Amino acid sequence: MNSVVWLLLIAWLLPLASFATILLGGHRFSRLGWVAGLLATGSITASFLCSLAAAATWLWQNPPLMHAQSDHHEPLLNKPHNNLSPHPAAAEIPSAGSMRVLSGVDSFGNREGYFALKESDGRLNIAQRGELPYGTSRMAGGLPSSTLNRLNLQSHDRSAKSPPGAIVGDWYTVAEFGTLRMTLGYYVDSLTILMMLMVTLVATCIHVYSFGYMREELQDVVEDPEARVDNSAQPLQRPGRFARFYQFLSLFCFSMLGLVLANNLFMIFVFWELVGICSFLLIGFYLERPSAVRAATKAFVVNRVGDFGMMVGLAALWGAGGTLAFAESSKDPGLFSRARTVYEQAVTSSAVAQEKPAKVQEPSAPPGPPGLPHRLSYTLLVLGGLGVFCGCVGKSAQFPLHVWLPDAMEGPTPVSALIHAATMVAAGVYLVARFYPVLMPEVLLFVAMVGLTSAVMAATMALVAGEIKRVLAFSTVSQLGFMMFALGIGGWVAGIFHLLTHAFFKALLFLGAGSVIHATGTGEISRLGGLCRKMPWTAVTMLVGCLAIAGAGIPLVVGLSGFHSKDAIFAQASLLALKGSPVGRLFLALAAVAAFLTAFYMFRLWYLTFVGPSRQSHLLAHAHESPAIMIYPLVILSIFAVAVGWKIPGVGWGIPEILEQARPGVGLSGIMWRWWVLPPEAESHLPYVHKVASWVAFAAGVSGFLLATMIYGLRLLDAARLRAACGWICYVLERRYFIDELYERVFVRAALLLAKSAAFADKVLIDGCAHTLARLTHRAALAEEAIDRRVVDAGFNTLGHHLFQLGLLMRRVQTGFLRQYLMLALVGTIIIFVLAHLF
Amino acid sequence: MSSITFFHYFAVACFLFVTGLFCILSKRNVIAVLLGVELVLNATNLNLVALGRFPGWQPQLAHEGQVLALFVIVLAATEAALALGIALCFYSLHRAPDLDEAQDLKG
């Protein structure tokens, strides 16, 4: 293991150490909650520093390359690639897979060969990088020429970038069942590094912020006004739970970091569930409130639905591929390279089949390493991909399973920030990104559609949401939809980039909302207003967050972080549209609508909260700026929300260029549908695409902002009248498209009905049987008792009675006259003698 | 002269035994009962000695009869001492040597 891995390992385990310490400390920390808080905060801060050091080391070893157009062949050839671990197993995955396919070179091919080929032949070079595994020569006959052009374009564009590959290895083997190895290991590439950095940084801010927000919990007795004891007017009193809060936060961070580091699906799944349980614990942190308990249960159950699909996906992938590991190693054939092989074969055979207009044949399974099942087929890959994505839908609260996220607002606000920014929902997007090589184009289309649906739907629902945190929750669903959409249409870097920038401004927005709630005691927008004067810091930082999420910036020049990431997504979408894909234009239009809505509802939120007349003056009177410990994280996060999308001055690269290193080889065209052709992302940087994208995004954002300003800022339009004008739309939106009601009717009621019938069966059948049995037993016992009394006892009693009577009778013989006794003895003796004489 | 046979001894012993027994059964005085007991013991002794004297009739008893008689005498002396002690106690308890008073263990 090299130093990067060591640092990340430490960064990963520190929160676990904090969790374990607080757990073992137990009741001692119930008095000394602040010690636990310091412990957790210290560990996550140290974790952040470790991640930072790891990132620095990584970037030192593998500096990202400049953007596409510059001349970049020279530095690359001279660059030492010593970051790879000496073990051949750690060789870079995509290239390993593709080399084997292309030229029969040893799949752990060495770097000298790599560069030699690269210099000598441009085409080979393309394939060698793992970007286009099947190469143009192989595909030349099969694909439409437009596709071919794109392939060429992409390959030329990105041929210079030699991805440094991932550092892969196992720390610990949990179990081995036949060929299935369950291990805890690491898969470190720039995606991992950036995610670690983001998670730990955001989590650090949230830990610090919680010191202020959760201050009440430090008291010995906390009154919870929202929880009642047996419906009495008395608020519930309970001991403060500061230490427990930090304990869960630590576990949450540990789980998320483990998820990010994981090198196989088993480990992913374990930490996936850990993240789930942590969210359950934290959403239900105020466990005396019935609403919190319901929200926590809802989140958990909805996630189970997704996880069910994920388990199906895991089973499909394992059953067919015999492995759960991502990367190829000496012991495991990696899923990535195997999926790639299958994909290549499918593409080749479909390209052949296309010449004869016949049904696309299912390609035969590729030969895998000996001892493993060879049934990994294209269909199974699609099934596995869909299954895994199903889990991501649950975790990331995408369209059919988004219902838990708005309810999850019952948890403390820092938890919401953590869930929405860094940990829980990011996990789904992260997994899609990590699992990208296995996701076939059909799956990606599904991902894109689900993402876009979520983006638009959630944005519309946010328009009418009445609570500050709920608006943010819908906005999270919407933004995650954006990410999924970007990933689904081939914008891998764009999606992840947006995930990273979103983490900062969403954490910022949530912490700002928490600050407002902390100051006023309510999150209802309708009761707030005019807080700008009272809480200047919160107002300004939240404005920064709103601008960032709306994607404010000067088109084509510079903007806040959200501007850059949203730009990247729009670039990919407009590329899709411009390339003539029939769905592309629809996608672009819908994405623009979602961006418009985003700007609108965010500014609606900001205006209603911070500007204008106060709707409830006593709230305003008591409002005050939050303590400094809550303001500092806001400021830090707002700095990041502004600047995280920028290129680092001096070196000329930023997050997208770093992410570019980890770009997985990705399928470019669907096999089932010819019209679903994913354009290569690098092409989206071309000026003519970028211009369109930028202006569309800008127009959408600005129009949303202007509309919000007109209605809520300047009040040129009357919001109430507007609302009355489209009453039923508002009603539908407020009821969240009746999806919750639908689930309530279809699933919850059905489940309850099932439960009731089960209870009925329980009562009538099982209880009946048991009761009858008990009654019979009782009867038998009574009968037995009667027998006992009347026969056995009576017998012995009679015997005893008679013996007693006999004793009484015999007693008379004992007169007490010695001489009589002696006489009797004499007589007896004589009788005996006489008898002895006679017989 | 006709020699004295075992039968003579036995007759005397029987007479002594019956006299002793009669004494025991008929007297209420403790001392008298003790006297009767002594008579019974002496009748037994006489029998033992006679059996030792005429071993033919009962060959197992050669001289053992005499030896056994000595034991019985010793035991009788012991018994007399003990019984007299008891009689004294009994007398001091009941203020009368009446054996019919001894009914403490009556059921």
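Reckoned from all heavy atoms, side chains included, excluding hydrogens, waters and symmetry mates. Below, read A as the first sequence line, B as the second, and so on, with proteins coming before strands; counting in each chain starts at 1. All figures in this text were calculated on a predicted structure; none of them were measured in a lab.
- Around CZ of A/Arg238, the count of heavy atoms belonging to other residues, nucleotides or ligands within 6.0 Å exceeds 12.
- When the candidates A/Leu822, A/Leu818, A/Thr815, A/Leu826 are compared by the number of heavy-atom contacts under 4.5 Å with chain B, A/Thr815 comes out ahead.
- Crowding of A/Phe300 atom CZ: a count of heavy atoms from other residues, nucleotides or ligands under 6.0 Å exceeding 12.
- Atom CE of A/Met311 has 12 or fewer neighbouring heavy atoms from other residues, nucleotides or ligands inside a 6.0 Å radius.
- When the shell of 6.0 Å around CD of A/Glu216 is examined, it contains 12 or fewer heavy atoms from other residues, nucleotides or ligands.
- Taking NZ of B/Lys27 as the start and CZ of A/Arg819 as the end, the distance is 10.5 Å to the nearest 0.5 Å.
- Between atom CE of residue A/Met823 and atom CD1 of residue B/Ile24 there is a gap of 12.0 Å, rounded to the nearest 0.5 Å.
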